[in-house]
Amino acid sequence: VSRVFLAGDVPGRRLQGSIVQDWPVLVAAGETTGYEGDVLALVVADTRARAQEAARAVQVEYEILKPIVDVPSALAPDAPKLQPIGNVLSVSKAKKGDADNALSECDYVHEAVYQTQRVEHAYLEPEAALALPQDGRLIVYTQSQGIYEDRKQLAAMLDIPENLVDVVLVPNGGAFGGKEDMLAQSQAALAAHLLGRPVKLELTRSQSIRMHSKRHPLRMEYKLGCGKDGRLKALRARIYGDSGAYASVGMKVLERAAGHSTGGYFVPHVDVEATAVYTNNVPCGAMRGFGANQATFAMECAVDELCEMGDFDRWKFRWANALTEGKSTATGQVLAKGVG
């Protein structure tokens with residue numbers, strides 16, 4: 001075993017994140033962990049087996065606190081603050097027209113709550129990195145989805161100029177959004193820089209599932225209305241996303257959910273709020289579709305319900321309400337041309 005690294009060994013910025021820096025490379029003694037996947041210590045040895053054996057020998061004393069594992073608990077007035085800014089990461093709004101008044105004039109109104117689940121990316125290759133000190137520089141071979149952002153964050157963590165860090169993207173077995181966050185590359189770079197020796201870190205599958213960000217589970221409260229002619233008139237929606245312990249790109253996912261809340265349809269009156277919430281669950285970030293999938297699921301379900309209420313043909317209803325040139329999305333953006 002070469003060395004055991006703790007939070008105090010990080011020479012520069014210990015908190016990482018491409019938008020909000022709130023995810024610790026190593027959690028320090030006396031701090032509160034954010035979720036089960038936090039890294040407390042890093043053991044470097046000459047074989048993986050020895051490193052794993054030594055890691056199991058590390059003893060940690062915990063004061064067990066009650067975790068916040070759902071959005072309602074996180075938003076409760078007496079909830080403990082999980083981050084300095086509180087438990088609300090962001091609120092994204094899309095408003096167009098007067099949704100409440102338009103809903104009161106609708107002939108058919110469907111109201112329901114839709115819930116999607118947390119989803120694991122399940123890429124073939126878990127997170128891995130090889131950090132190599134060479135001629136005063138640090139070369140990091142990584143499976144990241146953003147090598148320039150990695151270089152920026154690694155330089156800040158090590159407190160060295162960016163031009164002394166080279167991040168090289170290698171072919172990897174998938175990502176799908178799950179490798180936008182910094183995981184293996186941070187710890188490998190830290191150890192290699194301080195030891196002056198090459199260090200490779202590859203997460204096991206169980207570590208990967210426990211640590212890396214997932215697709216957001218969303219709670220979507222939808223109220224959608226139309227007229228007797230089958231034309232959509234208004235949507236009022238409140239969307240809540242469990243962003244887990246750290247920001248990742250949660251605020252952008254919920255922003256996208258708000259922007260895509262009406263799906264592929266023209267709705268004249270819209271009132272949507274999408275809130276990203278901190279909990280003690282695994283962080284949630286980017287995954288293919290990026291919040292639009294979840295909102296589309298809610299919208300399509302609500303459209304089906306309206307069709308049943310009004311005895312509308314489901315295909316004709318969709319065709320009649322589809323976005324076309326000159327019509328606007330939930331955010332009020334008027335589509336000019338090329339509306340597939």
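The pair E202-R48 counts as a salt bridge, with a side-chain nitrogen and a carboxylate oxygen less than 4.0 angstrom apart. The residues E31 and R14 are annotated as salt-bridged, a charged nitrogen and a carboxylate oxygen being separated by less than 4.0 angstrom. Contact check on R210 versus D38 returns no salt bridge, with no Lys/Arg side-chain nitrogen under 4.0 Å from an Asp/Glu carboxylate oxygen. A salt bridge links R318 and E300; the closest N-O separation between the charged side-chain nitrogens and carboxylate oxygens is under 4.0 Å. For R151 and D166, the salt-bridge test fails: no basic side-chain N is under 4.0 Å from an acidic carboxylate O. Taking a cutoff of 4.0 Å between a charged side-chain nitrogen and a carboxylate oxygen, E255 and K252 qualify as a salt bridge. The pair E325-K337 does not count as a salt bridge, with every side-chain nitrogen at least 4.0 angstrom from each carboxylate oxygen.
In this structure, Y114 and H110 have tilted ring planes: the angle between them lies in the 30° to 60° band.
In this structure a side-chain-to-backbone donor-acceptor pair under 3.5 Å is present from Y222 to S261. E53 places no side-chain N or O within donor-acceptor distance of the main-chain N or O of R50, the cut-off being under 3.5 Å. Side-chain atoms of N101 do not come within 3.5 Å of backbone N or O of D98 as any donor-acceptor pair. Proximity of a side-chain donor or acceptor of Q143 to a complementary backbone N or O of A128 within less than 3.5 Å is detected. Q83 places no side-chain N or O within 3.5 Å of a backbone atom of I85 that could act as its donor or acceptor partner. Looking only at distances, a side-chain donor or acceptor of T142 sits under 3.5 Å from a matching main-chain atom of S144. In this structure, the side chain of N87 does not engage the main chain of V277 through any donor-acceptor pair within 3.5 Å. No donor-acceptor distance shorter than 3.5 angstrom exists from the side chain of R137 to the backbone of L132, with no hydrogens or angles considered. When atom types are taken as modelled, the side chain of S208 and the backbone of E127 share no donor-acceptor pair closer than 3.5 angstrom. Between the side chain of D242 and the main chain of P217, no donor-acceptor pair closer than 3.5 Å is present.
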Please step through salt bridge (Lys or Arg N to Asp or Glu O under 4.0 Å) for the pair K93 and D271, ending with a clear verdict.
-> CA-CA 8 Å; K93 299 180 180 181; D271 180 354; over 6 Å; no
Check your understanding: T331 and K96: side chain to side chain donor-acceptor pair (under 3.5 Å), yes or no, with the steps?
Key -> CA-CA 7 Å; T331 62; K96 181 176 67 170; over 6 Å; no
Apply the test side chain to side chain donor-acceptor pair (under 3.5 Å) to residues H216 and S243: give CA-CA distance (whole Å), side-chain angles for both, the deciding distance (0.1 Å), then the verdict.
-> CA-CA 6 Å; H216 278 75; S243 276; 2.8 Å; yes
**Request:** Go through V25 and V39 one step at a time and tell me if the side chain to side chain contact (heavy atoms under 4.5 Å, CB included) criterion holds.
**Result:** CA-CA 7 Å; V25 176; V39 182; over 6 Å; no
| task | Would you please test N281 and Y35 for side chain to side chain contact (heavy atoms under 4.5 Å, CB included) and show each step? | result | CA-CA 6 Å; N281 292 320; Y35 78 120; over 6 Å; no
- Decide yes or no on side chain to side chain donor-acceptor pair (under 3.5 Å) for S186 and Q16, but give the supporting numbers first. CA-CA 9 Å; S186 303; Q16 296 190 329; 2.6 Å; yes
Inset, instruction - Test side chain to side chain donor-acceptor pair (under 3.5 Å) on N293 and T296 and set out the steps. - result: CA-CA 5 Å; N293 311 46; T296 299; over 6 Å; no
Does the pair V140 and V168 meet the rule for a side chain to side chain contact (heavy atoms under 4.5 Å, CB included), with working shown?
-> CA-CA 6 Å; V140 181; V168 181; over 6 Å; no
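With values rounded to the nearest 0.5 angstrom, Y278 atom OH is found 13.0 Å from I68 atom CD1. For the atom pair Y246 OH and L15 CG, the distance stands at 8.5 Å (nearest 0.5 Å). With rounding to the nearest 0.5 Å, the separation of NZ in K228 from CG in D311 is 14.0 Å. Taken from CD in Q294 to CZ in R256, the straight-line distance is 11.5 Å, to the nearest 0.5 Å. In this structure, I19 CD1 and Q21 CD are separated by 9.5 Å, a value rounded to the nearest 0.5 Å. L158 CG to R13 CZ: the interatomic distance, rounded to the nearest 0.5 Å, is 11.0 Å.
Contact of the H193 side chain with the V199 side chain is not registered, since no non-hydrogen atoms from C-beta on lie closer than 4.5 Å. Between L42 and V4, every side-chain heavy-atom pair lies at or beyond the 4.5 Å cut-off. Between Y240 and M220 there is no side-chain heavy-atom pair separated by less than 4.5 Å. The closest side-chain heavy-atom distance from L183 to M211 is below 4.5 Å. Contact of the V303 side chain with the L224 side chain is registered, since non-hydrogen atoms from C-beta on lie closer than 4.5 Å. V272 places a side-chain heavy atom less than 4.5 Å from the side chain of I239. Side-chain contact between H269 and L235: absent, with no pair of heavy atoms (C-beta onward) separated by less than 4.5 Å. Put simply, the side chain of K223 reaches to within 4.5 Å of the side chain of L103, judged on heavy atoms.
There is a path of hydrophobic side-chain contacts, each under 4.5 Å, that joins L164 to Y148. Both Y62 and V27 are members of a single hydrophobic cluster when ILVMFWY side chains are connected at heavy-atom separations under 4.5 Å. Under the 4.5 Å side-chain contact rule for hydrophobic residues, I160 and I139 do not share a cluster.
Here the closest non-hydrogen pair linking M299 and G263 is CG-N, 4.1 Å. For the pair K179 and P126, the tightest heavy-atom approach, listed with the atom from each and the gap, is NZ-O, 4.1 Å. The two residues A234 and A99 make their nearest non-hydrogen contact at CB-O, 3.7 Å. The two residues L124 and R205 make their nearest non-hydrogen contact at O-NH2, 2.8 Å. Of all the heavy atoms in T279 and A74, the pair that sits closest is CG2-CB, 4.2 Å. Taking every heavy atom of both residues into account, N280 and P67 meet most closely at OD1-CA, 3.5 Å.
Judged by distance alone, the side chains of Q185 and D150 do bring a donor and an acceptor atom under 3.5 Å apart.
In K152, the NZ atom is not crowded: 12 or fewer heavy atoms of neighbouring residues, nucleotides or ligands sit closer than 6.0 Å. Environment of CZ in R231: sparse, with no more than 12 heavy atoms of neighbouring residues, nucleotides or ligands closer than 6.0 Å. Counted within 6.0 Å of CZ on R197, heavy atoms from surrounding residues, nucleotides or ligands total 12 or fewer; the atom is thus considered open. Atom CD of E120 sits in a crowded spot, with more than 12 heavy atoms from other residues, nucleotides or ligands closer than 6.0 Å. Within 6.0 Å of CD on E162 lie more than 12 heavy atoms contributed by other residues, nucleotides or ligands.
Between F266 and the choices L232, L323, L335, the side-chain contact (heavy atoms from CB on, under 4.5 Å) rule is met once, by L323.
In this structure, Y123 has its ring center under 6.0 Å from that of H212.
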